[in-house]
Asker: 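Here it is: the structure, laid out below.
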Amino acid sequence: MNTPAHLLLGGAVFSRPGQKHLLMAALAGAILPDLSLYLMAGVSLFILDIPARVVFDELYFSTTWQTVFAIDNSFVIWGALLGLAVWRRIAWAKMLCGAALLHLACDLPLHHDDGRAHFWPLTNWVFESPLSYWDSGHHAGLIAPGEGVIGAGAAVILFQRFTDIKLRLLITVLLAAEIWVIWQWFRFF
């Protein structure tokens, strides 16, 4: 899934009406599995001036980058953290870890040749799904519109839960970003 969809869905599933701190925790959890990619790609592209082809065709698949992705995309690690949050009864940590696990559960079936080792450190195995959220060669033409509908539905739920104008603006920006990203995938892939 695209990151804005992860944020909207994680927020809708794990926030509670009027409890902004739980929404923020859910949004943090929803983005954490993708954060390393944004940081490493951003530094590589904009600071180190490495060509995009090298970043996404070589560095992305390097052992170093895949190791980082395995850590922050591990069901094992996020599951253990959720267990700790439940044991300690920390509501915001439960929402954060739950949203991260939902992110992983949505990514697992939607990555064809760019998946992650979701069960690290138990195994480095990577599931190669026949589906992709972005690659038209693997049914993105069917997946992407469904993802957009899910994102829009999540945005409606969040609008119903939160009346604060800043939060509604954030939700609107996330939905607009989701629609824009889907449009870009269709244009380029």
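Start at 1 with the first residue, then count along the sequence.
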Asker: Can you tell me how the ring of Trp65 sits relative to the ring of Phe69, calling it parallel under 30°, perpendicular over 60° and tilted otherwise?
Answerer: perpendicular

Asker: Within the 3.5 Å criterion, strictly below it, is a donor on Arg161 or Ser15 matched to an acceptor on the partner's side chain?
Answerer: yes

Asker: For the residue pair Asp72 and Trp78, confirm or rule out a side-chain donor-acceptor distance under 3.5 Å.
Answerer: no

Asker: Looking at SG of Cys106 and CG of Asn2, how far apart are the two atoms once the value is rounded to the nearest 0.5 Å?
Answerer: 11.5 Å

Asker: If you round to the nearest 0.5 Å, how far is CG of Leu59 from CE of Met40?
Answerer: 9.0 Å

Asker: May I ask you to check whether His111 and Phe127 place their ring centres under 6.0 Å from each other?
Answerer: no

Asker: Inspect the surroundings of CH2 in Trp92 and state if more than 12 heavy atoms from other residues, nucleotides or ligands are less than 6.0 Å away.
Answerer: no

Asker: Give the minimum heavy-atom separation between Leu7 and Ala30, together with the two atoms involved.
Answerer: CA-CB, 3.8 Å

Asker: Could you tell me how the ring of Phe75 sits relative to the ring of Phe119: parallel (under 30°), tilted (30 to 60°) or perpendicular (over 60°)?
Answerer: parallel

Asker: Identify the heavy atoms of Leu45 and Pro51 that sit nearest to each other, and give their distance.
Answerer: CD2-C, 4.2 Å

Asker: In the structure I gave you, are the side-chain heavy atoms of Pro33 and Leu104 within less than 4.5 Å of one another anywhere?
Answerer: yes

Asker: Hey, are Asp107 and His103 close enough side-chain-wise for a donor-acceptor pair under 3.5 Å?
Answerer: yes

Asker: Indicate yes or no: at least one non-hydrogen side-chain atom of Lys20 is less than 4.5 angstrom from one of Leu167.
Answerer: yes

Asker: Start with the C-alpha distance between Leu23 and Phe14, add both sets of side-chain angles, then the distance that settles side-chain contact (heavy atoms from CB on, under 4.5 Å), and finish with yes or no.
Answerer: CA-CA 7 Å; Leu23 173 62; Phe14 291 100; over 6 Å; no

Asker: Please tell me if the side chains of Val43 and Leu39 come closer than 4.5 Å, counting only heavy atoms from C-beta onward.
Answerer: no

Asker: Do Val181 and Met1 make a side-chain contact, defined as non-hydrogen atoms from C-beta onward lying under 4.5 Å apart?
Answerer: no

Asker: Do Trp134 and Asp114 pass the side-chain hydrogen bond (donor to acceptor under 3.5 Å, both in side chains) test, and can you show the C-alpha distance, the side-chain angles, and the key distance before you say yes or no?
Answerer: CA-CA 11 Å; Trp134 66 269; Asp114 59 345; 2.8 Å; yes

Asker: Drop me the distance from Leu84's CG to Ile90's CD1, to the nearest 0.5 angstrom.
Answerer: 6.5 Å

